[in-house]
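I have placed the structure first, in the form of structure tokens, so that the comments after it can refer back to it.
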Number of protein chains: 2
Amino acid sequence: MAPMSKNAAAPSVPTRDRLLDAFEELLVEGGERSATLDAVAAAAAVSKGGLLYHFASKDALVGGLLARLDALALEDAENIRTAPAGAVDYLIRTSVHTGSPLDRAYIAGSRLAQGRDPRAVQVLTEIRRRWLSVIEDAVHDADVAQAIMLISDGLYVNSSLAENELAPQNHTDAAMTRLIALIGRLLPHE
Amino acid sequence: MAPMSKNAAAPSVPTRDRLLDAFEELLVEGGERSATLDAVAAAAAVSKGGLLYHFASKDALVGGLLARLDALALEDAENIRTAPAGAVDYLIRTSVHTGSPLDRAYIAGSRLAQGRDPRAVQVLTEIRRRWLSVIEDAVHDADVAQAIMLISDGLYVNSSLAENELAPQNHTDAAMTRLIALIGRLLPHE
DNA sequence: ACAACTATACCGTCTAGCCGGTACAGTCGA
DNA sequence: TCGACTGTACCGGCTAGACGGTATAGTTGT
């Protein structure tokens, strides 16, 4: 077929990124196992040869995903630090599945880490270390910061496990506001 | 009817359970991908034919693991409810990788859920629903119970991701005691 | 001309699942 | 008490298909 404007939509997004998007999507939706090269190529509407043109191996594909995740997370750490409503507020609100690029990349990375890919484990560990550090700066108490991180992690688990079942309205804006108020009690007074 | 004394060692643990143990272990250590039938059989020191005698398919193996997890979790809910030091104390302390049978089964189940096995998702969702219910009974506040569950989930993520890296002494007894004290602040007063 | 692909064919390995066979303990009728 | 038979617990060889990766020839927009 015509490799140009697929059919209607012009490839405003470079193929390389579309491949990474597709890989991510498959990891999130179907786990490690379903993210095969064939599946990734098909999902990105690219031939397998085309995939391997951009990423010479599956390892390279994983590397590309992890690099993008790391870059996204680095930006995010800055967003948390400078969030107008406060670091804790921002962290908690963005810990629920918002569908943001970082969100998807983070969950995809988690899948790889659970498959025990050592690079994925390292990248995730580093990202979490950065988040913890930002929260520590914001609350001035290592134990409280730790507890807040745990809640943030818990939210990720919840939203990626239940998707939308368990406790229908746990992730609404109102619920998040109540949760953040609750976290406020952890702070002695500042 | 004695299937005993294979050669020398009497199989004090039935082969069926050894297979489930091996499957669990592989899921925990290497993720979904590494838990192949061949690997499970080898880890249980059984031939592949032997494995398939006990579990006719991989699906059946997953079913067996999930059934065992569910049974273990049902017992555990009772342990939480009747824990001398209180439900919250028990839940939090057992949320870190203790190596208990439930612990391992739960993490293994999580791996399957991340592979998007719908049965695994359902079993885990149900287990978490039960835990939440027990905590709600203990703290008499839905929001606080929710927050405690999130912390518990976070601890699982932490211990299963970092294993023993990130923040060396986050899961010591002392750290847990401090965390539980912190959670106490969430309760208005009771 | 060149980069960015498509399409197809192929290879070695891994994976799930199947099947025939073996060993052996216990049951039962004559 | 013997021989025929049954059920349980396995072994190990096999196959079809999936998977990662290679190779190569052709197409298209700039």
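Lettering follows sequence order; numbering is per chain, from 1.
Taking atom CG of A/Leu51 as the reference point, atom P of D/dC19 lies 14 Å away to the nearest angstrom. Distance A/Asp17 CG to C/dC5 C1': 16 Å, rounded to the nearest Å. As rounded to whole Å, 12 Å separates atom C1' of D/dA9 from atom CG of B/Leu19.
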Q: For ring-ring contact (aromatic ring centres under 6.0 Å, His included), just list the numbers for B/Trp131 and B/Tyr90, CA-CA rounded to whole Å, side-chain angles, deciding distance to a tenth of an Å, and then say yes or no.
A: CA-CA 11 Å; B/Trp131 279 341; B/Tyr90 183 97; 9.8 Å; no

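Using modelled atom types, one finds a donor on one side chain and an acceptor on the other under 3.5 Å when comparing B/Thr177 with B/Arg93.
Listed pair B/His54 / D/dT8 fails the phosphate criterion, with no side-chain N or O lying under 4.0 Å from OP1 or OP2. For the pair B/Thr15 and D/dC10, the criterion of a side-chain N or O lying under 4.0 Å from OP1 or OP2 is met.
A/Asp76 contributes no side-chain N or O that, together with a main-chain N or O of A/Asn79, makes up a donor-acceptor pair within less than 3.5 Å. Side chain of B/Arg111 to main chain of B/Val28: a donor-acceptor pair is present (N/O by atom type, distance under 3.5 Å, no hydrogens or angles). No donor-acceptor distance shorter than 3.5 angstrom exists from the side chain of A/Ser133 to the backbone of A/Arg129, with no hydrogens or angles considered.
Checking D/dC11, C/dA3, D/dC10 against every side-chain atom of B/Tyr53, the shortest atom distance belongs to D/dC10.
Listed by first and then second residue, the ring-ring contact (aromatic ring centres under 6.0 Å, His included) pairs that reach into residues 13-39 of chain A come to none, sequence neighbours excluded.
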(Q) Base contacts versus sugar-phosphate-only contacts with protein, heavy atoms under 4.0 Å: please encode nucleotides 11-18 of chain C as B, S and - from 5' to 3'. (A) ----SBBB

